[in-house]
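Written below as structure tokens is the structure these notes are about.
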Protein chains: 2
Amino acid sequence: MKPLQVERGDTLANVLRRHIADDILSGKCEPGTRLDERSLANEYGVSRTPVREALQQLAAAGLVSSKPHSGTIVQGVEIERVASLCEASILLESLCAKLAASRISAVEIGRLRKIHEQCETLHKSGDAEGYALANRKFHSAIISGTQNTDLIDAVEFCRLRIAPFQRAPFQSADRRAESQKEHKRIIEALEARDAAKAEQMMSEHLSAAAVAIDDHLQNFFS
Amino acid sequence: MKPLQVERGDTLANVLRRHIADDILSGKCEPGTRLDERSLANEYGVSRTPVREALQQLAAAGLVSSKPHSGTIVQGVEIERVASLCEASILLESLCAKLAASRISAVEIGRLRKIHEQCETLHKSGDAEGYALANRKFHSAIISGTQNTDLIDAVEFCRLRIAPFQRAPFQSADRRAESQKEHKRIIEALEARDAAKAEQMMSEHLSAAAVAIDDHLQNFFS
DNA sequence: TAGAATTATTTGGTACACAATATTTAGAAA
DNA sequence: TTTCTAAATATTGTGTACCAAATAATTCTA
């Protein structure tokens, strides 16, 4: 039974949501896993009520899918769906990179550089999980650079869904090294305020990532 | 007490969510209105549980905002936020139009034309509410034309938030007439499979809509 | 073996109680 | 009067128990 702590101004349901979301994003809960309310309630030592609410929030975010009376499962790996997710992500994030080129602040670029350095350290130390996490931060930082909360929300909404599939490719040090080079080019384009180049670089980066994800899935299903 | 009917394979919470969402989108619940659970439960003759779940879903969609222990209110009219919403919507839907130009099926174009005709009828009969609804369908049809469910979800996620503010401008017959012309040009671009033009036309159309929305809000606050 | 009927299990919903917190109201002090 | 503090209030958040409804699993029959 895992102990939970709720800060003031927060709710148990929210804590649960984040906890379960972490388990999904970090791969502890594999896609396809059934999440039944009673088990989770027992596991965390709470009643069904907050568990239900947490699951509904996750369903709204698209991390799990639930059908009335037949429970909720972690969003599954349907290979053509991943392709669709990758395409959406490429389109949306390229758009963000283009926009961010003219809007991201100097402070934010500084933060971006710092994240990039952290990525480098994690890559060299072989911490694939850590790298995946830092990579997410890197992309979020660029999306935030658009300075438009509603655009940010929409794009993050899409990114959240693809997150569970983005970890796997980073197990490969080669892919991490490639990714680092691509990140560097993106930062340079942003610093140069070159919108077209930032868009182009982001598109190429995510296309490469998409290929890596697809590769991994193909291996998985053979 | 409003009677509710739940279809098989659906839940009361979902029915409630749609009902409340309609009330918000149609302007029956004005922005800023407090939605307390007990009142809603009494109003619909149900218990608090499904009401809570419906409200949480609406919060996830961004139609209402809720803070722990202090209830949920219909998302308010902050004028700079509307501008941000409009910009996000312009960017995302233009992207969709560009993509849809090469992907939308002939059947879908047919459906689009039909919706366009309905819009024409509603416009001429002076039914502003009906026009606003049909207008939403028109835009959704184009977004769906991208054939990418994840992109569709992300864009609709943004569109849902702006919906409450898009009704007002259509009170003006002039704006409806302009809108119709713009819609026509968009359809023609899509039929010609001219991606650049479809993108351009959609961007201009939504920019004009954004100006109309802003105009209306300025009048409202003076 | 395939299909139909039955059972089991899980979710969806109701009702009620109580705890926790934000908000408001009233009161005390400056 | 004003402002800060403290109690009162209302609403949300969570727990418990129970039942209904629907799906999933199982058994039985043809």
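Everything numeric here is computed off the predicted structure, so don't read it as measured data. Because only heavy atoms are used, hydrogens play no part in the values below, and waters and symmetry mates are left out as well, while side chains stay in. Numbers restart at 1 for each chain; the letters A, B, ... are given by sequence-line order, proteins then strands.
T49(B) comes within 4.0 angstrom of a nucleotide base, judged by non-hydrogen atoms across all strands.
Protein atom CD1 of I73(B) is 13 Å distant from nucleotide atom P of dT12(D), rounded to whole Å. Between the OH atom of Y44(A) and the P atom of dG15(D) there is a distance of 14 Å, given to the nearest Å. Between the CZ atom of R52(B) and the P atom of dT11(D) there is a distance of 14 Å, given to the nearest Å. Atom CG in L55(A) sits about 13 Å away from atom C1' in dG12(C), given to the nearest Å. At whole-Å resolution of the value, CG in L16(B) and P in dG12(C) are 14 Å apart. Remark: P of dT12(D) and CD of Q56(B) are 12 Å apart, rounded to the nearest angstrom. Distance, E7(A) CD to dA20(C) C1': 15 Å, rounded to whole Å. With rounding to whole Å, R17(A) atom CZ is found 15 Å from dG13(D) atom C1'.
No donor-acceptor pair under 3.5 Å is formed between the side chain of S89(A) and the backbone N or O of L85(A).
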**Q.** Verdict with supporting geometry, T121(A) and Q118(A), side chain to side chain donor-acceptor pair (under 3.5 Å)
**A.** CA-CA 5 Å; T121(A) 308; Q118(A) 287 172 358; over 6 Å; no
Q | E87(B) vs S84(B), side chain to side chain donor-acceptor pair (under 3.5 Å): CA-CA, chis, key distance, verdict | A | CA-CA 5 Å; E87(B) 182 187 58; S84(B) 143; over 6 Å; no
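For R8(A), a side-chain nitrogen or oxygen approaches OP1 or OP2 of dA22(C) to under 4.0 Å.
Each of G9(A) and L12(B) has a nearest nucleotide on DNA chain C; the 5'-most of these lies closest to L12(B). Between K67(A) and S47(A), the residue anchored closer to the 5' end of DNA chain D is S47(A), taking for each the nucleotide with the nearest heavy atom. Comparing R48(B) and L35(A) along DNA chain C, the residue whose closest nucleotide (by nearest heavy atom) sits nearer the 5' end is L35(A).
Taking the six-membered ring for Trp and the full ring otherwise, the centers of H216(B) and F165(B) sit at least 6.0 Å from each other. In this structure, H123(A) has its ring center no closer than 6.0 Å to that of H183(A).
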Check: protein-nucleotides 5-10 of chain C nitrogen or oxygen pairs below 3.5 Å:
residue, atom, partner, partner atom, Å
dT10(C), O3', R34(A), NH2, 3.3

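In the set dT14(C), dT14(D), dG13(C), dT14(D) carries the atom at the smallest distance from any side-chain atom of E53(A).
Note on residues 51-62 of chain A: pairs passing salt bridge (Lys or Arg N to Asp or Glu O under 4.0 Å), not counting sequence neighbours, are E37(A)-R52(A), R52(A)-E53(B), E53(A)-R52(B).
No side-chain donor from either of Q147(B) and R103(B) sits under 3.5 Å from a side-chain acceptor of the other.
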